[in-house]
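Just so it is clear: chains get the letters A, B, ... in the order the sequence lines come, proteins before strands, and each one is counted from 1. The analysis underlying the following values was restricted to heavy atoms, covering all of them including side chains, and did not include hydrogens, waters or symmetry mates.
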Amino acid sequence: MQPPSEHVHWLFATGFLLLGLCLLGEAIVGTEVWRRRAWRAYLWPGLAFALGVLMWPVMTFYTNSAIHMIAHGAWAQMLMIAGAAELGLVRGKLQSQWWRLAVTAGFLVSGSALLVHEQNAWFFQRSSFLHHLMGWTMVVAAIFPLARAIKPRSQVAATGFALTFVVAAVMLYCDRDVAPVFGHISELAGTPHR
Amino acid sequence: MNAELVSELKAPLQRAATRARIISTLGPATALAGIGWALVQPYRITLLHPRGQDFWWLFVEPPLLVIAVGLFFHFVVVPGLLEDLEEEHAAAK
């Protein structure tokens, strides 16, 4: 009953898309309006924490290699730390806005994990390409949570942060276990899926 | 009433209306993207050719998931958000 790894990517993509839309909503209406209802205030940090928790079964059941396990484990821990820091900020248990840097670290670790655990070159096949692309996207997009920590009211930072999740969702939906990328696939990649 | 004052009062009103309009289009735009994707790549909806498929291929249908996210956002998240936006604007007046 274990889902193929591409299905796991698509399910994570769905979570990311919903998260992206909610963050975009917050960027549009402003944090004050967004936080008028408690469930909305806790949605983003709660989802980030939940994604971290869900990364543990991914680490356990999709252990193709030691580097996969270490990357997924580090990723799970960092997502949980980032989610917990944001939960603390929303709840008021944490006061300093610098706790928001945990999300910046989360982005950097997520990007690095994607890059490190992809051992094939960009054009080996589609999932290799997408892992490299997503990795660099997350590393570069770390600028947005950093800007949010420095200037919490910045509209550009909030919108960029939200759109990063939407873009990540699109890339995850494009993922296939074995498929050509731009018409190219390595002979070593295996039989392409539909 | 002073014309300058009227335009000052109108600006936040227009801003709130624009925000409400943008928020209201996010869900339908996402659902439309999912419909467009389903039309362009119908083979990604395994339910259309279910014979011989296992549980996961029938359960996880990416274009339908995109449509579902758009509808969920529009019907579950947006109504409360619009109410709160209106209340905030009324309080500011």
Worked verdict on B:W56 versus A:L11 for side chain to side chain contact (heavy atoms under 4.5 Å, CB included): CA-CA 11 Å; B:W56 289 106; A:L11 288 170; 4.3 Å; yes

Begin with the C-alpha distance, continue with both residues' side-chain angles, and end with the deciding distance and a verdict on side chain to side chain contact (heavy atoms under 4.5 Å, CB included) for B:L26 and A:I28. CA-CA 11 Å; B:L26 280 181; A:I28 292 165; 4.0 Å; yes

Show, in sequence, the C-alpha distance, side-chain angles and deciding distance for B:W57 and A:H7, and conclude whether the side chain to side chain contact (heavy atoms under 4.5 Å, CB included) test is met. CA-CA 8 Å; B:W57 279 100; A:H7 290 67; 3.4 Å; yes

Evaluate side chain to side chain contact (heavy atoms under 4.5 Å, CB included) for A:R40 paired with B:L81, printing each intermediate quantity in order. CA-CA 9 Å; A:R40 281 200 310 246; B:L81 206 51; 3.5 Å; yes

Step by step, work out the salt bridge (Lys or Arg N to Asp or Glu O under 4.0 Å) result for A:R36 and B:E87. CA-CA 10 Å; A:R36 276 185 163 224; B:E87 269 175 34; 3.1 Å; yes

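To the nearest 0.5 angstrom, A:E26 atom CD is 10.5 Å from B:I23 atom CD1.
Closest approach of A:Y173 to B:P62, counting heavy atoms only: CD2-CB, 3.8 Å. The shortest non-hydrogen separation linking A:W10 to B:L65 is O-CD1, 4.4 Å.
Following chains of ILVMFWY side-chain contacts shorter than 4.5 Å, one can reach A:L115 starting from A:L133, so the two form part of one hydrophobic cluster. Linking ILVMFWY side-chain heavy atoms closer than 4.5 Å, directly or via other members, places A:L21 and B:F72 in a single hydrophobic cluster. A:W44 and A:L94 are not part of a single hydrophobic cluster, where members link through side-chain heavy atoms under 4.5 Å apart. A continuous path of Ile, Leu, Val, Met, Phe, Trp and Tyr side chains, each step under 4.5 Å between heavy atoms, connects A:L18 with A:M134, placing both in one hydrophobic cluster. Under a hydrophobic clustering in which Ile, Leu, Val, Met, Phe, Trp and Tyr are joined whenever their side-chain heavy atoms come within less than 4.5 Å, directly or via other members, A:V103 and A:L24 fall into the same cluster.
Other residues, nucleotides and ligands place no more than 12 heavy atoms under 6.0 Å from the CZ atom of A:R91. Within a 6.0 Å sphere centred on CH2 of A:W136, heavy atoms belonging to other residues, nucleotides or ligands number 12 at most. Around the CD1 atom of A:I143, the shell of radius 6.0 Å holds no more than 12 heavy atoms that belong to other residues, nucleotides or ligands.
There is no contact between B:V78 and chain A, counting heavy-atom distances below 4.5 Å.
Residues of residues 28-37 of chain B lying under 4.5 angstrom from chain A, judged on non-hydrogen atoms, are B:T30, B:W37 by number.
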